[in-house]
Amino acid sequence: MITRKIVSQFSATLILVLVFGVQLFASLPPHTLASRYAHLAEVNDRWIYEVSPSDLLKEVQYSGEAERIADHLLRVANALELRDKNTLSQKQLINRKASIVLLRAYAKTGKFPINAHHDERTPYFVDELGTHCAVGYLMRETGFAEAVNKI
């Protein structure tokens with residue numbers, strides 16, 4: 001059960017994020033003890049829309065960037081599983097489930113593109129070593145390798 005204290009803490013955090021933006025958390029090293037929300041927002045600012053106060057307010061630290069990205073991706077997979085699927089066809093449901101399985105497998109590899117040319121966080125679709133981001137990986141694994149190469 002969510003206590004008033006947690007809701008209050010979450011509301012304060014949300015207000016800070018809305019007022020100052022996610023840049024408040026920019027360049028947060030993975031080893032730093034900080035709220036899970038701060039770490040996940042460092043990876044992807046869309047976490048502001050995925051609210052689970054009791055979980056995101058917990059202070060955590062990661063052994064490195066790969067562990068933090070993996071946590072982000074596994075949580076994305078969990079969030080996708082909880083979404084309303086009532087409007088999807090049987091084929092879409094099957095494809096969706098297969099993609100979520102692929103996303104989890106990708107996250108667990110701990111191998112993500114490396115930003116070798118920018119001082120700030122810059123996403124790479126495919127890095128110089130041929131390592132795909134999650135979307136590129138899913139596209140490649142589901143038969144859209146040519147589209148990945150064009151991107």
Side-chain angles (χ1 to χ4, degrees), residues 2 6-7 9-85 87-88 92-93 95-145 147-151:
I2 300 174
I6 290 174
V7 170
Q9 288 173 341
F10 175 73
S11 297
T13 302
L14 183 58
I15 289 167
L16 281 173
V17 170
L18 290 173
V19 172
F20 297 108
V22 175
Q23 291 304 311
L24 178 70
F25 304 118
S27 302
L28 176 69
H31 307 52
T32 304
L33 185 62
S35 72
R36 177 170 273 122
Y37 172 78
H39 281 289
L40 295 177
E42 178 71 18
V43 176
N44 186 320
D45 65 0
R46 301 296 297 174
W47 281 102
I48 191 171
Y49 303 106
E50 297 295 330
V51 280
S52 175
S54 60
D55 189 37
L56 294 182
L57 291 177
K58 180 181 177 189
E59 288 197 334
V60 298
Q61 61 190 98
Y62 298 93
S63 62
E65 187 64 13
E67 182 184 21
R68 180 164 61 181
I69 292 171
D71 185 32
H72 159 69
L73 293 172
L74 291 170
R75 288 169 182 285
V76 167
N78 291 342
L80 289 171
E81 281 189 330
L82 297 175
R83 292 276 196 272
D84 181 18
K85 300 174 271 299
T87 61
L88 300 178
Q92 288 172 320
L93 287 169
N95 290 340
R96 188 175 202 282
K97 186 173 185 171
S99 293
I100 291 171
V101 168
L102 284 171
L103 180 59
R104 280 202 172 92
Y106 172 80
K108 290 176 182 176
T109 68
K111 293 177 66 178
F112 310 113
I114 296 171
N115 172 355
H117 300 287
H118 302 88
D119 292 332
E120 67 280 345
R121 182 179 289 279
T122 304
Y124 280 66
F125 203 66
V126 180
D127 70 10
E128 292 176 339
L129 301 174
T131 305
H132 293 64
C133 73
V135 173
Y137 175 82
L138 291 173
M139 288 176 65
R140 185 189 75 196
E141 294 299 306
T142 56
F144 295 94
V148 170
N149 294 335
K150 287 180 181 179
I151 294 171

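All figures in this text were calculated on a predicted structure; none of them were measured in a lab. In this chain, residues are counted from 1 in sequence order.
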Side chains of [X] and [Y]: does their closest heavy-atom pair fall under 4.5 Å?
X: Thr131; Y: Ile114; value: no
X: His117; Y: Glu128; value: yes
X: His39; Y: Asp71; value: no
X: Arg140; Y: Val126; value: no
X: Leu102; Y: Tyr137; value: yes
X: Thr32; Y: Glu42; value: no

From [atom1] ([X]) to [atom2] ([Y]), nearest 0.5 Å:
X: His31; Y: Glu65; atom1: NE2; atom2: CD; result: 10.0 Å
X: Arg96; Y: Leu88; atom1: CZ; atom2: CG; result: 6.0 Å
X: Leu33; Y: Leu28; atom1: CG; atom2: CG; result: 10.0 Å
X: Ile100; Y: Leu74; atom1: CD1; atom2: CG; result: 12.0 Å
X: Glu141; Y: Leu103; atom1: CD; atom2: CG; result: 12.0 Å

- Query: Please walk me through it: do Arg104 and Asn78 pass side chain to side chain donor-acceptor pair (under 3.5 Å)?
  - Reply: CA-CA 9 Å; Arg104 280 202 172 92; Asn78 291 342; 2.5 Å; yes
Shortest non-hydrogen contact from [X] toward [Y]:
X: Tyr62; Y: Arg36; value: OH-NE, 3.8 Å
X: His118; Y: Asn115; value: N-OD1, 2.9 Å
X: Ala38; Y: Ala34; value: CB-CB, 4.3 Å
X: Phe112; Y: Ala107; value: CZ-O, 3.6 Å
X: Met139; Y: Ala147; value: CE-CB, 3.7 Å
X: Trp47; Y: Arg75; value: CH2-CB, 3.4 Å

Heavy-atom neighbours of [X] [atom1] exceed 12 at 6.0 Å:
X: Glu120; atom1: CD; result: yes
X: Phe144; atom1: CZ; result: no
X: Lys85; atom1: NZ; result: yes

